[in-house]
Amino acid sequence: MIAREIDVDDVAAVTARERPDVALGESSRHALELIDQIVREAACPVIVLIHARNPEFIKEASKRGVFAHLTDADVDDWQSSIDIVLRRFAEYHDLEGAFGRRALIERAKGILMERHTIDDQHAYDLLREHSRVNNRKLIDLATAIVDGHRLLPKQPPTPPQPQPRQPPTTADPSERYTAAAQEPRT
C-alpha cells in the first residue's frame, strides 16, 4: 500500500479494509501524520521512501514508529528490506501477545491471591495445577478467572453471624412484688 492520496482520518479504515502487508509512504508532513495513525492501529509496518537525504525526517519518522526507510539508490535491496521488516513486525506482534498473556495471568494470580489469601507462588501453582488436571491452557483458565471475577462482588459476602442468646433478664425484685401485689387473690 502506498499512501499518497489517503486522508489521515481515513487511514485506519483503509488499512483495516485493505489489510496491507506493509505501508509505504514518501517523506512529507502528510506521511508523518499517516505513520502516526497506522502505527497507533498496529495494522501493518510502515516503510518510508526517501528520494533525497533527509536525516531530520528519518529521525521524526523513527520517533513515530516507522520500521524502516528505503532510498531510490536501494531499489535492488527493497525486497530484502521489506522481508526483514515483515519478520520484525511479526516478532513485534508475538512479543506484544506474550506481554498481554503474561499480564492476564498476573491479573488472575492477583484475584486468586485475594480470594484465597495466598502468595503469588501458591496462586501460580493453583492455576497451573487446575490447568493440568482439567486439560485447559493456562491462558484460557486465566481469562476465565478474570472474566468471571468481574461478575462477582468485590468481597465475598460474609455469612450472617448468629446472635448470642441473651440470658433472660431478671426484673428488679421490687417490680416482682409490685406485680404480685396487683394480682387478684382467689
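The first residue in the sequence is number 1, and the count goes up from there.
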Within the structure provided, determine whether Glu129 and Asp125 are in side-chain contact (heavy-atom separation under 4.5 Å). no
Below 4.0 angstrom, N of the basic side chain to O of the carboxylate: do Arg87 and Glu91 qualify? no
Just verifying a value: how many Å separate Glu106 CD and Tyr124 OH, rounded to the nearest 0.5 Å? 9.5 Å
For Val48 and Ile58, what are the C-alpha separation, side-chain angles and deciding distance, and is it a side-chain contact (heavy atoms from CB on, under 4.5 Å)? CA-CA 8 Å; Val48 177; Ile58 293 171; over 6 Å; no
Calculate, to the nearest 0.5 Å, the distance between atoms CG and NZ belonging to Asp120 and Lys109 respectively. 4.5 Å
To the nearest 0.5 Å, how far apart are CG in Leu141 and CG in Leu104? 10.0 Å
Would you kindly confirm whether Ile84 and Leu70 end up in one hydrophobic cluster when ILVMFWY residues are joined by side chain heavy atoms under 4.5 Å apart? no
Could you check whether any side-chain heavy atom of Phe89 comes within less than 4.5 Å of a side-chain heavy atom of Asp94, counting everything from C-beta outward? no
More than 12 heavy atoms of other groups within 6.0 Å of Arg102 CZ: no
Just by modelled atom types, is the His130 backbone N or O under 3.5 Å from a matching donor or acceptor in the Asn134 side chain? yes
Closest approach of Thr71 to Trp78 (non-hydrogen atoms, all atoms of both residues): O-NE1, 3.2 Å
Close side-chain approach of Glu60 and Arg64, heavy atoms under 4.5 Å: yes
State whether Lys59 and Glu56 are salt-bridged, where the test is any N-O pair (Lys NZ or Arg NE/NH1/NH2 against Asp/Glu carboxylate O) under 4.0 Å. no
Distance check, rounded to the nearest 0.5 Å: Asp147 atom CG versus Arg107 atom CZ? 8.5 Å
Could you verify whether a donor N or O on one side chain and an acceptor N or O on the other, from His122 and Asp119, lie under 3.5 Å apart? yes
Give a yes or no answer on whether the side chain of Ser131 reaches the backbone of Leu127 with a donor-acceptor pair at less than 3.5 Å. no
With a 4.5 Å cut-off on side-chain heavy atoms, are His149 and Glu114 touching? yes
Residues His116 and Leu126: closest non-hydrogen pair is CD2-CD2, 4.0 Å
Once rounded to the nearest 0.5 Å, what's the spacing between atom CG of Leu138 and atom CZ of Arg136? 10.5 Å
Minimum heavy-atom distance between Leu112 and Ala123, given as atom pair plus value: CD1-O, 3.8 Å
